[in-house]
Amino acid sequence: MNNCTERLYNGIIKENPTFVLMLGMCPTLATTTSAINGLSMGLTTTVVLAASNALISCLRKIIPDKVRIPAYIVVVASLVTIVQLLLKAYLPSVNNALGLYIPLIVVNCIILGRAESYASKNSVVPSLFDGIGMGLGFTFGLTCIGIVREILGSGSIFNFRFWPENFDTVSIFVMAPGAFFVLACLTALQNKLQMPSATNITGPQMACGGNCASCHGHDCAANKGLFEAERAAAKAEKARKAKEAAEAKKAAALAKAAEQKKGD
């Protein structure tokens, strides 16, 4: 399905980049020291995701296949530069808080993954909503982790303090190890509730561990054997159908010849 509602649901719930596909872990762990930072990083990435998906979908028939990845990076880098300049001009506090992680959006695997697996194969409107859905799912994940870390580490939420000043907080949660603790606990909770994620999917998986809609891992060397087996099975099925069609055609020709002979 490629309707807009399904694309939003897919990105936010079904294939949530943070909690289901486990993609974009670098900004997830580094920028979620508070809820506002997680929300800011998620919304910034959403803007780039939606714009890059729409633009790459528009150019999908123009970009040569052999240079598609460099072309995608150029498109994404241009959009990230525009977004960063806008943040510097109108939201300098957000730009200072996120720092280096804004230009690193260029190499975010979520953006390049959606460009390769979806935007380059579909029309503009579904690609736009696919980017919005994935971006909102990423924003939701970062904000949830930021809320938990800020509550436990600072006793506040969105910089609004609700714990008494003399109440001790666990400051490690706003430090680097706290990100791993929170993500591990949320992942363990997912597994306990048997909610789908890259850590508990059963059956054969691609080497990257993700699903990414229609991606079959063509460019991943670790997936070579799986892809070749899939291609061999498809080839055998095609040969079987061709053989059946030839036999049916031959039987029809013999029947027709028999009828003509009987009429003579």
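This one's a predicted model, so the numbers in the text were calculated from it and none came from an experiment.
- Under a hydrophobic-cluster definition in which Ile, Leu, Val, Met, Phe, Trp and Tyr are linked whenever side-chain heavy atoms come within less than 4.5 Å, directly or via other members, Leu59 and Val76 are assigned to the same cluster.
- Within the model, atoms CD1 of Ile145 and CG of Leu183 stand 5.0 Å from one another, a figure rounded to the nearest 0.5 Å.
- The shortest non-hydrogen separation linking Met134 to Glu15 is CE-O, 3.5 Å.
- No path of Ile, Leu, Val, Met, Phe, Trp and Tyr side chains, each step under 4.5 Å between heavy atoms, connects Val124 with Ile63, placing them in separate hydrophobic clusters.
- Side chain of Asn16 to main chain of Gly137: a donor-acceptor pair is present (N/O by atom type, distance under 3.5 Å, no hydrogens or angles).
- Contacts of Ser123 classified as side chain to side chain donor-acceptor pair (under 3.5 Å), with partners at least two apart in sequence or in another chain: none.
- In this view, Asn53 and Asp130 satisfy the side chain to side chain donor-acceptor pair (under 3.5 Å) rule, not counting sequence neighbours.
- Val67 belongs to no hydrophobic cluster, as no Ile, Leu, Val, Met, Phe, Trp or Tyr side chain comes under 4.5 Å of its own.
- Through direct or indirect side-chain contacts shorter than 4.5 Å among Ile, Leu, Val, Met, Phe, Trp and Tyr, Leu254 is connected to no other residue.
- By the rule that hydrophobic residues join a cluster once side-chain heavy atoms approach within less than 4.5 Å of another member, Leu39 and Val174 end up as members of separate clusters.
- Hydrophobic clustering of Ile, Leu, Val, Met, Phe, Trp and Tyr side chains at less than 4.5 Å, counting indirect connections, unites Ile69 with Val48.
- Across Gly38 and Thr32, no two heavy atoms sit closer than the pair CA-CG2, 4.4 Å.
- For the atom pair NZ of Lys61 and OG of Ser120, the computed distance is 12.5 Å after rounding to the nearest 0.5 Å.
- Atom CZ in Phe180 sits 13.0 Å away from atom CE in Met175 (nearest 0.5 Å).
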Verify side-chain contact (heavy atoms from CB on, under 4.5 Å) between Leu43 and Val47, making sure each step is shown before the conclusion.
CA-CA 6 Å; Leu43 292 177; Val47 172; 5.7 Å; no

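- Residues Ser127 and Asn122 come closest through the heavy atom pair OG-O, 3.6 Å.
- Using a distance-only test at 3.5 Å, with no hydrogens or angles considered, a donor-acceptor pair links the side chain of Arg68 to the main chain of Asp65.
- Shortest non-hydrogen contact noted between Pro27 and Met41 is CB-CE, 3.9 Å.
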Which side-chain N or O atoms in residues 88-113 pair as donor and acceptor under 3.5 Å with protein atoms at least two apart or in another chain?
{"unit_1": "Asn96", "atom_1": "ND2", "unit_2": "Pro92", "atom_2": "O", "d": "3.1"}
{"unit_1": "Asn108", "atom_1": "OD1", "unit_2": "Ile110", "atom_2": "N", "d": "2.9"}

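- Annotation: side-chain contact (heavy atoms from CB on, under 4.5 Å) contacts of Leu128 (sequence neighbours excluded): Ala50, Ala54, Ile132.
- Residues in residues 42-52 take part in these side-chain hydrogen bond (donor to acceptor under 3.5 Å, both in side chains) pairs, two or more places apart or across chains: Thr46-Thr139.
- Going from atom CD1 of Ile36 over to atom CD1 of Ile147 covers 10.0 Å, rounded to the nearest 0.5 Å.
- Remark: Phe129 pairs with Cys4, Arg7, Leu8, Val125 by the side-chain contact (heavy atoms from CB on, under 4.5 Å) rule, at least two apart or across chains.
- Partners of Leu152 by side-chain contact (heavy atoms from CB on, under 4.5 Å), not counting sequence neighbours, listed by chain and number: Val148, Phe173.
- The two residues Cys144 and Phe19 make their nearest non-hydrogen contact at CB-CZ, 4.2 Å.
- Take Glu244 and apply the side chain to side chain donor-acceptor pair (under 3.5 Å) test, not counting sequence neighbours, and it matches Arg240.
- Nearest approach of Thr18 to Met25, heavy atoms of both residues: O-CE, 3.8 Å.
- Side chain of Ser34 to main chain of Glu150: no donor-acceptor pair is present (N/O by atom type, distance under 3.5 Å, no hydrogens or angles).
- In this structure, Ile172 CD1 and Phe181 CZ are separated by 4.5 Å, a value rounded to the nearest 0.5 Å.
- Under the side chain to side chain donor-acceptor pair (under 3.5 Å) criterion, Ser154 pairs with no residue at all, not counting sequence neighbours.
- Every residue meeting the side-chain contact (heavy atoms from CB on, under 4.5 Å) condition with Ile12, not counting sequence neighbours, appears here in chain and number order: Leu136.
- Under the 4.5 Å side-chain heavy-atom criterion for Ile, Leu, Val, Met, Phe, Trp and Tyr, Leu85 and Val74 are members of distinct hydrophobic clusters.
- Looking only at side-chain heavy atoms (C-beta outward), Phe138 and Leu23 stay at 4.5 Å or farther from each other.
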